Number of protein chains: 4
Amino acid sequence: MIAKDQLRTIVERIERLEEQKKTIADDIKDVYAEAKGNGFDVKALRAVIMLRKHDPAKLKEQEAILDTYLNALGMLPLFAMKEAAE
Amino acid sequence: MIAKDQLRTIVERIERLEEQKKTIADDIKDVYAEAKGNGFDVKALRAVIMLRKHDPAKLKEQEAILDTYLNALGMLPLFAMKEAAE
Amino acid sequence: MIAKDQLRTIVERIERLEEQKKTIADDIKDVYAEAKGNGFDVKALRAVIMLRKHDPAKLKEQEAILDTYLNALGMLPLFAMKEAAE
Amino acid sequence: MIAKDQLRTIVERIERLEEQKKTIADDIKDVYAEAKGNGFDVKALRAVIMLRKHDPAKLKEQEAILDTYLNALGMLPLFAMKEAAE
DNA sequence: TAGGGCTACTTCCATC
DNA sequence: GATGGAAGTAGCCCTA
């Protein structure tokens with residue numbers, strides 16, 4: 001025997017939350033679409049958002065490793081070594 | 001020359017919305033976790049939620065096709081043919 | 001100092017494998033497309049493939065739980081209780 | 001009435017191809033794991049692989065847009081403008 | 001540490 | 001041809 005009321009409550013709570021989540025996801029889409037309409041590059045915008053989520057120090061470290069690898073493969077470095085350039 | 005203020009506004013709006021979205025996603029997780037703690041099967045709960053999102057008629061149709069295929073392959077039908085059973 | 005040759009070998013191995021993987025993925029797409037051209041329902045085909053990956057006993061058990069929940073919610077059971085029908 | 005043999009053939013072809021695909025995916029995992037064991041940074045390796053998939057010109061263009069945005073937001077540019085440095 | 005779930009991104013398809 | 005939505009894929013995260 002299942003606790004009907006409890007089950008119903010759970011399902012309804014989840015459905016309501018999912019609905020809210022969807023609304024917000026749609027809002028986000030709208031913002032991107034509007035930005036695109038104003039001439040912004042959506043891909044680059046996404047990249048900006050993603051970068052801001054990350055710790056700059058960690059990021060810099062990752063860049064350095066990546067450039068080391070690119071260099072070892074004879075590829076152009078992506079991230080300039082600003083310090084070294086001076 | 002980029003519209004700095006416009007860009008900043010876009011980024012901030014997205015970040016705020018994403019934050020809200022994350023909050024809700026966490027709430028959903030909590031509900032599932034609590035349900036699990038009360039003895040519910042999370043996988044089945046997810047299935048219930050998913051099923052309720054779909055049009056029952058469409059669903060029934062898909063089930064029928066699937067059972068036809070399963071039958072043709074000599075596998076047990078998943079969905080009973082209620083009409084046939086009567 | 002990075003082991004250039006080792007790095008190059010790793011990258012080339014991965015790239016070769018990814019290429020092979022893509023070839024196969026394309027083949028799979030082709031099969032589905034061809035099946036669709038012959039009148040098969042792709043969604044149902046995917047469902048068949050997925051079902052066959054799973055242990056029938058586990059599957060049956062999951063179905064039973066799901067139907068219990070659906071029943072508690074006053075929804076139509078998806079999976080007939082074959083035993084009960086007799 | 002369904003073309004049983006045709007269906008069976010389709011399903012078997014897909015299953016065989018999926019099996020092959022899985023084998024290759026596992027091989028790729030193995031290469032990464034082995035690389036990690038040899039001290040390589042897997043995340044950076046993945047980045048290298050991804051970068052090599054893309055047209056350098058397109059990439060450079062995307063970098064430029066991104067840096068423009070980062071600059072407009074008062075964030076440090078990621079990609080040095082090598083030309084400007086000279 | 002291996003597997004499964006979740007999220008985000010991309011691609012594909014159908015529609016207009 | 002563009003736009004929207006659905007599906008597949010990949011990478012990350014967390015649990016067992």
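Chain letters run A, B, ... following the sequence lines, proteins first and then strands; every chain starts at 1. Since this is a predicted model, take the numbers as computed values, not measurements.
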When you get a sec, tell me which of F:dG5, E:dC13, F:dT9 is the closest nucleotide to the side chain of A:K29? F:dG5
Of the listed nucleotides E:dT7, E:dC9, E:dA8, the one nearest the side chain of A:K21: E:dT7
Tell me the interatomic distance from A:M50, atom CE, to E:dT7, atom P, rounded to whole angstroms. 15 Å
Rounded interatomic separation in angstrom, taking CD1 from B:I14 and P from E:dC9: 11 Å
I want to check something: taking the side chain as every heavy atom from C-beta on, are C:Q62 and C:H54 in contact at a cut-off of under 4.5 Å? no
Neighbour count >12 (heavy atoms, 6.0 Å) for atom CG, B:D55: yes
Need one value for B:A25: base, sugar-phosphate or nothing, where a base atom within 4.0 Å counts as base even if backbone is also close, heavy atoms only. sugar-phosphate
For atom CD1 of B:I28 and atom P of E:dT7, their distance in whole Å: 8 Å
Here the distance between atom P of E:dA8 and atom CG of A:D26, to the nearest Å, is 14 Å
B:K43 side chain, from C-beta outward: closest of F:dA7, E:dG5, E:dT10: E:dG5
To the nearest Å, how far apart are C:R46 CZ and E:dC13 P? 10 Å
Interatomic distance where CG belongs to A:L51 and P belongs to E:dC9 [whole Å]: 12 Å
Nearest-neighbour nucleotide for the C:K36 side chain, E:dC13, F:dT9, E:dC9 considered: E:dC13
Tell me whether C:L59 at atom CG has more than 12 heavy atoms from other residues, nucleotides or ligands lying less than 6.0 Å away. yes
In this structure, how many angstroms lie between the C1' atom of E:dG5 and the CG atom of B:D30, rounded? 16 Å
Check the distance between E:dG5's C1' and B:L45's CG and give it to me in whole angstrom. 15 Å
C:R52 side chain reached by B:M75 side chain, heavy atoms, under 4.5 Å: yes
Short side-chain N/O contact from D:K53 to OP1 or OP2 of F:dA10, under 4.0 Å: no
Could you tell me whether the side chain of A:D41 reaches within less than 4.5 Å of the side chain of D:L66, counting heavy atoms only? no
